[in-house]
Engineer: 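Sharing a structure with you now.
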Number of protein chains: 2
Amino acid sequence: MVTIKDVARLANVSIATVSRVVNNYTHVRPAVREAVTKAIAELGYRPNGLASSFRTQQSNIVGVLLRQQRTPFSSALAYAIENTMFDQGYRVLLCSTNGDADREEAYLNTMLEMRVQGVIIRPSAATPRTIKQVNLLREQGIAVSFVDMKPKIAAVSSVVCDNFSGGYQGMRHLIELGHRRIGVAAGSVAQKGGAADVGSERARGIRQAAADLATDVEIIWSPPFDIASFEIGREIGDVMIRANPDMTAIFATTDMLAIGVMHSAHALGLDLPGDLSILGYDGVLESSVTFPTLSTIAQPIHEMGQLAATTLIDHMRGVSKSPRQVVLENTLIQRASTIPLP
Amino acid sequence: MVTIKDVARLANVSIATVSRVVNNYTHVRPAVREAVTKAIAELGYRPNGLASSFRTQQSNIVGVLLRQQRTPFSSALAYAIENTMFDQGYRVLLCSTNGDADREEAYLNTMLEMRVQGVIIRPSAATPRTIKQVNLLREQGIAVSFVDMKPKIAAVSSVVCDNFSGGYQGMRHLIELGHRRIGVAAGSVAQKGGAADVGSERARGIRQAAADLATDVEIIWSPPFDIASFEIGREIGDVMIRANPDMTAIFATTDMLAIGVMHSAHALGLDLPGDLSILGYDGVLESSVTFPTLSTIAQPIHEMGQLAATTLIDHMRGVSKSPRQVVLENTLIQRASTIPLP
DNA sequence: CGGTATCTTGTAAACGTTTTCAAAACAAGA
DNA sequence: TCTTGTTTTGAAAACGTTTACAAGATACCG
């Protein structure tokens, strides 16, 4: 493998000069610069990134820690982050934890050891273990930024959507359409309404809208569940629809859930949206793909990723030291699955 | 930052011994090992990965170069690769080129400089430029493995699906159901039938099945297009259905295309699957999510990723030098969107 | 031409590991 | 106790860069 020494020898200069040319510093005579460039081309020299990373202790790598990778939300997020990072010269180490705490720990360890310059985390949950790991990262001077979850640790940046407002908007939409008996498919955590996490914020918005906007709204909560998948949506929908024949709308807190609910409604012979309006949440790809097309509360996923990336970059470059907590707005996308009550 | 020297000092041994403990080599007295371990814990020492990578010239990173990241296919693939790599101690650098040749080049450059140990590529196309880059990688001793495309370069490993057989199976399925006027939605490249790429292989299988299995099959080719997206599917479907009222089935060479076609059929007032059977290709998430649920030729995406990863690992470890070209079978998943002709 | 300021270049140290080599310590057999 | 062989340890070199520092070259002024 050809090193900087070989180039120096061929160009008849010192290795320091070659280094200066490679990193195009100032203070190199044009003639010399050209000679070095020529030698580089001739030898096919390529700087050893392992060596320069080592010397500068800068890896130019950022870790992106996601709990899942297969969901459209996660991959859209990863894509947005990677794109933004690429343009700024950073490369992305993909770390999907799969919800496995051991694996999360292993990845955080790797990141610590390979001296990543920053980490973007969308955590499984803000467990004490995660918090500890994150603090460890920050002690080592590694910039950290959360996405889609506002951590309890004060001094760390985050980008989240206003899930309260999203829930509120969705509920308002259904209420304005005249619906009064409204099913809500929300996970088990959400319903308890304790922690300030994504699901329970949405649920809180939903409750609030119902309280604010009409006196006669009845919310029918789904049975609790853990994973917001298509299959769960189908089960939930089946149970709720059977038990509540007078329910006229269902607000599902995830698009995949909503699609599942749609399937169950179809299976039970309901006409959509005539017999039942359905509203989703997320705005992922599948939304536009159902019959009828799915109304949904869309999250600006790309913007989330982009902002998380630029925030992290600012921290890494020392441009901005103080944490920045960004809250983005969700927007209602009205399609064909929600209609006014006759 | 605490280094190996600090540990050595505290434990009263040389740095060589600490290194031996850290990498748990043999020939260290239990008592010494324990003392060192204690010192490591006490100081919170964490080996500097940048330094050891530099010293050994082993990054333990593999690059995964994908043309797109947002599609379910790509993200499922990336997920499978990352999972398998993780278990073997390798970390994954995510590189989505977005179909941009400059970006592909920039990423390949990065990988070369940071001395990744291997690269898995699902290229935009086997352009001469890509080929050149790949050869450059291999000259530097970096293992390369293709996925979802069999490269023309002889001596490189690949994992692909038998797209010919997939096309054949799909067509056979429709013919066996009694369909004779069958629309085929395939991209522009596919229809030319020249190169041995994914799309044209499928088209070849489709032609062959029609020729083999019935004398009276008429294939109605879609207008050419470049991107197999939902929107394109809707356009294509609209055109084809209007122009061919007697067509009884459409075979779309992508699930997203198929979903688009379904939408256009709905919009034109057709009853699915009564008036038109629709068959997809890929077996990605969305397949089970449509109304009616989509029959499709499923690719073993997870297995593809897994095999690509293990193949690459074998090459990196020198277990197997000779390239391995794996061909996997697609399987028909029959759901509700394809029915027999009455 | 001497002096000063600026630009250009080279020398050499440093980064934190791994690894080679040889020395030290120990064990066992005589 | 002295060999001989084995196990354990440390000293020091090496990996390929970057960079601080100093020295050499050049330009400009009076």
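This is a predicted model, so every value here is computed, not measured.
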Engineer: For residues 12-20 of chain A, which side-chain N or O atoms pair as donor and acceptor with protein atoms under 3.5 Å away, sequence neighbours left out?
Structural biologist:
unit_1	atom_1	unit_2	atom_2	d
A:Ser14	OG	A:Ala16	N	3.3
A:Ser14	OG	A:Thr17	N	3.4
A:Ser14	OG	A:Thr17	OG1	3.4

Engineer: Considering residues at least two apart in sequence or located in another chain, which fulfil the salt bridge (charged side-chain N to carboxylate O under 4.0 Å, His left out) criterion with A:Arg138?
Structural biologist: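 So A:Arg138 forms no salt bridge (charged side-chain N to carboxylate O under 4.0 Å, His left out) with any residue.
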
Engineer: What I want to find out is whether A:Arg67 reaches A:Asp100 closely enough, with some N-O distance under 4.0 Å, to be called a salt bridge.
Structural biologist: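 So A:Arg67 does not pair with A:Asp100 through a salt bridge.
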
Engineer: Does A:Arg91 have any salt bridge (charged side-chain N to carboxylate O under 4.0 Å, His left out) partners at least two apart in sequence or in another chain, and if so, which?
Structural biologist: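 If we apply the salt bridge (charged side-chain N to carboxylate O under 4.0 Å, His left out) test to A:Arg91, skipping adjacent residues, there are no hits.
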
Engineer: Identify all side-chain donor-acceptor contacts of residues 38-48 of chain B below 3.5 Å with residues at least two apart in sequence or on another chain.
Structural biologist:
unit_1	atom_1	unit_2	atom_2	d
B:Arg46	NH1	A:Asn109	OD1	2.5
B:Asn48	OD1	B:Leu50	N	2.9
B:Asn48	OD1	B:Ala51	N	3.1
B:Asn48	ND2	A:Gln57	OE1	2.9

Engineer: Nearest-Å distance, CG (A:Asn12) to P (C:dG10)?
Structural biologist: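 Answer to the nearest Å: 9 Å.
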
Engineer: Listing request: all ring pair (Phe, Tyr, Trp, His ring centres under 6.0 Å) pairs with a residue in residues 18-44 of chain A, at least two apart in sequence or in separate chains.
Structural biologist: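 Applying ring pair (Phe, Tyr, Trp, His ring centres under 6.0 Å) to every pair that reaches into residues 18-44 of chain A, excluding sequence neighbours, yields nothing.
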
Engineer: Specify the separation, in whole Å, of atom CE of A:Met114 and atom C1' of C:dT17.
Structural biologist: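 About 16 Å, once rounded to whole Å.
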
Engineer: Treat primed atoms plus P, OP1 and OP2 as sugar-phosphate and everything else as base, then score nucleotides 15-23 of chain D 5' to 3': B for base contact with protein heavy atoms under 4.0 Å, S for sugar-phosphate contact only, - for none.
Structural biologist: BBBBB----

Engineer: Rounding to 10 degrees, work out the angle separating the end axes of the helix from C:dC1-D:dG30 to C:dA30-D:dT1 (five pairs an end).
Structural biologist: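 Helix axis angle between the two ends: 40°.
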
Engineer: Restricting to salt bridge (charged side-chain N to carboxylate O under 4.0 Å, His left out), what partner residues turn up for A:Glu303, sequence neighbours left out?
Structural biologist: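 Expected list: none.
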
Engineer: Among residues at least two apart in sequence or on other chains, which ones pass salt bridge (charged side-chain N to carboxylate O under 4.0 Å, His left out) with A:Arg29?
Structural biologist: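 In terms of salt bridge (charged side-chain N to carboxylate O under 4.0 Å, His left out), with neighbours along the sequence ignored, A:Arg29 is linked to no residue.
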
Engineer: Tell me, which pairs form a salt bridge (Lys or Arg N to Asp or Glu O under 4.0 Å) where one or both residues lie in residues 6-17 of chain B, sequence neighbours left out?
Structural biologist: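 Listed by first then second residue: B:Asp6-B:Arg9.
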
Engineer: Show each protein N/O and nucleotides 25-28 of chain D N/O combination with a separation under 3.5 Å, one pair to a line.
Structural biologist:
none

Engineer: Quick one: B:Glu34 CD to D:dT9 P, roughly how many Å, whole number?
Structural biologist: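 Answer to the nearest Å: 13 Å.
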
Engineer: Ring pair (Phe, Tyr, Trp, His ring centres under 6.0 Å): which pairs involve residues 103-122 of chain A, sequence neighbours left out?
Structural biologist: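 Sorted pair list: A:Tyr107-B:Phe86.
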
